[in-house]
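Right, one structure below, let's go through it.
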Amino acid sequence: MSEYRPSEIEKKWQKYWFENKTFKTVNPVANEKSKPKYYVLDMFPYPSGAGLHVGHPLGYIASDIVARYKRSKGYNVLHPMGYDAFGLPAEQYAVQTGQHPAVTTEQNIRRYRTQLDNIGFSYDWDREIRTCSPQYYKWTQWIFTKLFNCWYDSAQGKAQPIEMLYNIFASRGNMNLNIPCNEHTSSFTAEQWNNYSETQKYKISLNYRLAYLSDTYVNWCSALGTVLANEEVKDGLSERGGHPVIRKLMPQWQLRITAYADRLLQGLHEIDWPEAIKEQQRNWIGRSQGCMLTFNIKNSNLSIQVFTTRADTIFGVTYLTLAPEHELITQITTPEQADKVQKYVQYAKNRSERERMADVKTISGEYTGAYAINPFNGEPIPVWIGEYVLAGYGTGAVMAVPSSDVRDYAFAKYFNIPIIKVQEGENTDISKENFDPKAGTMINSEFLNGMNVKQALDAAIKKAEELGVGYAKINYKMRDSIFSRQRYWGEPFPVYYKEGMPYLIDEKNLPVLLPEIDDYKPTEDGEPPLARAAHWKYNGIYPFETSTMPGWAGSSWYFLRYMEPDNDKEPVNKQIAQYWQDVDLYIGGSEHATGHLLYSRFWQHFLYDLGIVPTKEYARKLVNQGMIQGRSNYVYRVAGQNTFVSFNLRNQYDTTPIYVDVSMVENDVLDIEKFKEWRAEYADAQFICENDKYICGYEVEKMSKSKYNVVNPDDIVAQYGADTLRLYEMFLGPLEMSKPWSTASISGVYRFLKNVWKLFYDENGNFLPNDEIPGEASQRILHKTIKKIEEDIDRLSLNTSVSTFMVCVNELTDMQCRSKALLQDFLIILSPYAPHICEELWQACGNNKSIAYAPFPEWDNSKIKENSFEYPISVNGKLRHKMTFALDTLPHDIEKEILAANEIIKWTDGKPPKKVIVVPGKIVNVVV
RNA sequence: GCGGAUGUGGCGAAAUUGGUAGACGUACCAGACUUAGGAUCUGGCGUCGCAAGACAUGGGGGUUCGAGUCCCUCCAUCCGCACCA
């Protein structure tokens with residue numbers, strides 16, 4: 001073949017790999033001495049109707065390069081792909097069209113698969129999984145049953161079977177046990193427990209399980225007819241669709257992720273993940289160390305619990321503030337204030353989350369008329385209600401210290417509540433708002449006087465414990481995760497109801513299949529769509545749970561299933577999990593920081609507790625690939641005319657920018673003919689050009705159809721081939737950075753591949769490589785390249801490797817390298833990046849096995865060394881000179897040579913240097 | 001406000017432990033060839049300067065014989081979180 005024609009070779013090799021199962025990962029056999037393992041994983045995609053754009057494969061290409069490289073380095077590589085196939089878009093489409101979501105999902109998956117295959121990935125497709133297939137979600141349901149059957153043993157720091165808790169209750173009751181459980185769990189003695197009926201015991205146990213039902217304020221989106229997770233809500237609107245979200249009290253399944261809060265925080269130390277992700281997770285978990293204090297209500301037997309991180313400021317408390325949702329409000333409010341309080345609570349309730357967040361500046365509140373008693377000094381302090389106190393954090397009540405907290409300060413100023421200064425020193429002037437709440441030493445605080453904040457904090461907590469009015473407490477911002485969705489297209493719960501109580505479906509009856517229904521909307525009375533399945537009953541009698549699991553259920557453990565996707569006895573075999581351990585490299589977007597990436601860690605910790613998986617953390621290293629943004633182009637239409645003015649002339653006219661499809665633009669130059677054909681209205685448009693060209697404006701923004709800036713990888717593959725696309729996406733810039741797509745410099749990468757081809761074939765199609773022994777120079781080039789590529793892959797700096805290859809090919813071309821042995825080695829190191837062309841040329845060299853089986857060549861340092869080398873010389877740090885020395889020159893010889901070289905080196909003032917410092921291979925310093 | 005990043009030619013970017021800043025690719029300029037093409041090849045290309053040379057890695061300071069790299073400080077941009085007591 002005389003010319004590089006990617007379209008002719010790529011399909012052929014993709015077919016070859018598929019038919020020969022070239023990339024099949026064989027399960028390790030027990031007695032076999034197996035290779036070291038390497039698990040490289042991509043975040044599996046949600047197969048949306050829009051298909052892949054050029055940004056999606058970025059991470060997949062990087063992981064594919066690593067996978068292919070590790071294989072050739074002798075690793076047993078697990079590199080799978082699948083689909084996160086349950087989800088809202090397919091369901092919404094179903095609601096609109098009546099089309100079953102399974103059908104659209106299947107179509108979308110096919111489209112994705114075709115697009116992925118076009119790029120030549122080395123996935124082991126025999127391991128493909130789909131979260132929506134019953135063989136898969138059977139085990140998602142199974143994990144749910146395990147969560148339901150476990151409680152969290154804080155003493156042991158792990159999940160334990162619920163039977164064990166029964167035993168504990170039978171011998172000790174539930175008092176003085178520090179076990180994470182639901183609010184309002186009443187206490188009982190061992191004796192009482194033993195007298196309970198089985199049903200009563202079961203009912204109590206529901207409060208302790210890691211999966212539990214509870215009435216919760218949830219983010220209810222009536223437009224979508226479902227509950228959303230906190231991270232699915234942005235600024236009071238649904239992330240998907242932007243519909244308003246309100247808070248509503250509903251019974252929901254929840255997972256007790258809060259029991260794992262500390263472990264999830266600790267685990268971050270063990271994993272090599274981007275700092276940004278770790279920080280987001282830390283933020284989300286929101287651990288804060290403080291103290292719980294009890295304030296009794298004056299003339300009442302009620303009391304209010306308060307969480308504070310500033311127990312040291314207890315003598316500065318001048319009022320308490322309750323969240324408007326606080327349950328004691330009605331009980332403590334005095335009759336005189338009842339009306340106002342009632343109004344205020346109503347006002348707060350009607351304000352959506354969005355409104356409340358939008359104006360954090362507005363101060364509002366109401367006085368209840370009640371007084372609480374400061375537990376430290378017995379002073380009465382008024383109890384207020386304020387919107388700025390969040391029901392969901394801590395106890396929904398705060399002890400307000402206006403002198404040490406800016407929000408309390410603002411509230412106190414606004415309502416004219418007294419302020420007691422408890423700190424003195426620099427930056428503690430409370431007449432201005434910008435005081436430092438942690439500065440100075442304590443005053444007006446009895447036994448705390450004279451201490452600094454930290455000392456006072458410890459002393460105050462100690463005192464509270466002595467007085468029995470409080471205790472040290474660690475509080476988390478993170479809430480338990482709501483696990484119910486009022487949707488159709490998700491995993492059904494393996495749960496049925498009997499006398500209003502939830503029971504698990506027997507394990508042997510899993511999976512609970514998603515029933516067929518004729519309409520995917522919620523029912524008229526607001527029940528989830530599954531309520532439409534009238535005859536869907538367990539054993540024909542008991543109603544099933546009608547909500548389904550959220551999108552993140554299936555994605556929280558999929559990485560385990562790839563290890564053994566067809567196991568029908570368990571989610572994954574222990575020995576196999578033991579072999580694969582964890583994911584060595586996980587590549588995916590950072591948008592899942594507090595969603596998938598947190599939940600999956602939680603499930604892994606849980607499964608570790610059960611002894612199913614061998615590691616607490618499932619992904620050793622995570623890399624977030626940057627987003628590829630679109631580069632939109634504009635034309636400038638002159639107001640009121642069908643005339644368009646070129647970019648640099650646009651200011652001379654009154655113009656409106658209009659998006660043009662990027663496929664009609666090259667290097668910002670508009671293809672005027674294509675533009676005229678684009679739409680009828682532009683057919684006789686006029687153009688005001690500069691230098692006979694119409695230059696478009698541009699902007700970098702997210703790829704989207706409406707901006708006409710979406711680039712489909714299929715088009716690039718059709719024009720330049722998959723290898724060019726792969727190389728180019730890497731060449732575009734560092735993997736982690738977001739960067740705009742531009743087709744501008746793709747031709748350089750394409751030319752590179754053509755040059756590779758030309759090393760093997762001349763223009764007449766003659767095969768060039770022969771058996772000549774490679775010269776020293778070409779060996780040096782090759783070995784330097786091998787070394788560089790290894791280093792690049794190790795630090796995932798794949799963009800620079802493309803440059804390295806280019807330099808290598810240019811140099812081999814210059815010296816007309818014809819050594820087949822050397823060129824074959826070159827193909828092996830290039831093949832992870834551009835596998836198709838390398839397979840083709842590899843075969844042309846007479847190999848009959850895939851290049852994927854060829855071992856990666858070892859580089860030899862002795863072959864890299866040059867005969868001579870140049871030393872940079874700085875004279876007093878100013879002038880620089882170069883001198884060439886033989887390779888084995890000793891440092892003192894260099895020194896002598898430089899001293900003797902006065903005539904060669906023009907010293908600044910003509911005098912020879914006094915001192916020459918030489919470090920071999922590094923520095924020469926000359927002091928004149 | 002808090003946290004995480006990032007600032008280097010017209011553009012995308014290299015420079016792994018401090019050691020010739022701008023590799024490689026694009027764009028652009030000049031030329032060659034030509035079956036006129038979005039092919040191929042050669043040369044140029046940070047700024048100023050005819051040149052020698054000088055100045056250049058967001059700004060300012062510091063450490064060092066030597067700083068894109070280390071330290072301090074300020075600025076700009078992007079991304080998270082945000083009344084969390």
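From a predicted model like this one, the values you see are computed outputs, not experimental measurements. To find a chain, count down the sequence lines: A is the first, B the second, and so on, and within it residues start at 1.
- One can find a donor-acceptor pair under 3.5 Å joining the base of B:A23 and the side-chain atoms of A:Ser803.
- Comparing B:A85, B:C24, B:G38 against the side chain of A:Tyr720 picks out B:G38 as the nearest.
- Rounded to a whole Å, the CG atom of A:Asn475 is 8 Å from the P atom of B:A85.
- Look at the P atom in both B:U73 and B:C2: the space between them is 14 Å, to the nearest Å.
- For the P atom pair drawn from B:A54 and B:G22, the interatomic distance equals 16 Å after rounding to whole Å.
- When each of B:G25, B:U16, B:A85 is scored by its nearest atom to the side-chain atoms of A:Thr309, the top-ranked nucleotide is B:A85.
- Within the 4.0 angstrom heavy-atom criterion, no nucleotide atom of any strand lies near A:Gln281.
- A:Val401 has its side chain out of reach of A:Thr318: every pair of non-hydrogen atoms, C-beta onward, lies at least 4.5 Å apart.
- Rounded to a whole Å, the CD atom of A:Glu736 is 18 Å from the P atom of B:G4.
- A:Arg310 has no carboxylate O lying under 4.0 Å from a charged side-chain N of A:Asp405, or vice versa, which leaves the two without a salt bridge.
- B:U69 and B:U17 have their P atoms separated by 13 Å, with the value rounded to a whole Å.
- When the C1' atom is compared between B:C29 and B:G18, the two are found 37 Å apart, to the nearest whole Å.
- Nearer to the 5' terminus of RNA chain B, by closest-nucleotide assignment, is the contact made by A:Met806 (compared with the other of A:Met806 and A:Lys477).
- Comparing the P positions of B:C24 and B:G44 gives an interatomic distance of 12 Å, to the nearest angstrom.
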*Kindly express the pairing pattern of RNA chain B in dot-bracket notation, using | wherever a base pairs with another strand and counting only Watson-Crick or G-U pairs under 3.5 Å.*
(((((((..(((......[....))).(((((.......))))).(((....)))..(((((..]....))))))))))))....
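- At the heavy-atom level, A:Asp408 lies nowhere under 4.0 Å from the strands shown.
- An OP1 or OP2 oxygen of B:U40 is reached within less than 4.0 angstrom by a side-chain nitrogen or oxygen of A:Arg751.
- Counting non-hydrogen atoms under 4.0 angstrom, A:Pro274 reaches nothing in the nucleic acid.
- Spacing between atom CE of A:Met730 and atom P of B:G25 amounts to 19 Å, rounded to whole angstrom units.
- You'll find the side chain of A:Leu725 reaches within 4.5 Å of the side chain of A:Val54, heavy atoms only.
- Counting any heavy atom pair closer than 4.0 Å across all strands shown, A:Lys787 reaches no nucleic acid atom.
- A:Asn799 comes within 4.0 angstrom of sugar-phosphate atoms only, judged by non-hydrogen atoms across all strands, and of no base.
- Relative to the side chain of A:Val389, the nucleotides B:A85, B:C24, B:U26 differ in distance, and B:A85 lies closest.
- Whole-Å rounding puts the A:Phe731 CZ to B:C11 C1' distance at 12 Å.
- To the nearest whole angstrom, the two P atoms, one in B:G59 and one in B:C75, are 15 Å apart.
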*Take A:Ile314 and A:Met399, measure what side-chain contact (heavy atoms from CB on, under 4.5 Å) needs, and give me the verdict at the end.*
CA-CA 8 Å; A:Ile314 184 72; A:Met399 57 174 235; 4.0 Å; yes
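- Separating the CD atom of A:Glu279 from the C1' atom of B:A82 is a distance of 13 Å, rounded to the nearest angstrom.
- Side-chain atoms of A:Arg795 lie closest to B:A15 of the nucleotides B:A15, B:C24, B:U26.
- Nucleotides B:U16 and B:U6 have their P atoms positioned 15 Å apart, rounded to a whole Å.
- Across the P atoms, B:C65 and B:C81 are found 48 Å apart, a figure rounded to whole Å.
- Atom CD in A:Glu763 sits roughly 11 Å away from atom P in B:C41 (whole-Å rounding).
- Between A:Lys758 and A:Asp762 there is no salt bridge, since no side-chain nitrogen of the basic residue lies less than 4.0 Å from a carboxylate oxygen of the acidic one.
- Looking only at side-chain heavy atoms (C-beta outward), A:Val756 and A:Phe805 stay at 4.5 Å or farther from each other.
- Classification of B:G43 as anti follows from a glycosidic angle more than 90° from 0.
- Per the geometry, NZ belonging to A:Lys702 stands 15 Å off C1' belonging to B:C78, to the nearest Å.
- One N or O on the side chain of A:Asn374 and one on the backbone of A:Phe376 form a donor-acceptor pair closer than 3.5 Å.
- Remark: A:Glu275 engages A:Arg282 in a salt bridge, criterion side-chain N to carboxylate O under 4.0 Å.
- Phosphate proximity of B:C11 to A:Ser745: absent, as no side-chain N or O sits under 4.0 Å from OP1 or OP2.
- For A:Asn283, taking side-chain heavy atoms from C-beta onward, the closest of the listed nucleotides B:C81, B:C24, B:A39 is B:C81.
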*asked:* I'd like to know whether A:Tyr414 forms a ring pair (Phe, Tyr, Trp, His ring centres under 6.0 Å) with A:Phe411, so could you lay out the CA-CA distance, the side-chain angles of the two residues, the decisive distance to 0.1 Å, and finally the verdict.
replied: CA-CA 5 Å; A:Tyr414 188 83; A:Phe411 193 85; 7.7 Å; no
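- Of all nucleotides listed (B:G12, B:U26, B:G38), B:U26 comes nearest to the side chain of A:Ala744.
- Sequence order on RNA chain B of the closest nucleotides to A:Lys788 and A:Val802 puts A:Lys788 first from the 5' end.
- Comparing B:A39, B:C24, B:G3 by their nearest atom to the side chain of A:Asn810 picks out B:C24.
- The side chain of A:Leu390 has B:A85 as its nearest neighbour among B:A39, B:A85, B:G12.
- For A:Lys787 and A:Trp859, the positive end sits near the middle of the six-membered ring, less than 6.0 Å away and at most 45° from its axis.
- Residue A:Lys754 contributes atom NZ, which lies 11 Å from atom C1' of B:G37 at whole-angstrom precision.
- Heavy atoms of A:Gln280 sit under 4.0 angstrom from primed sugar atoms or phosphate atoms, though from no base atom.
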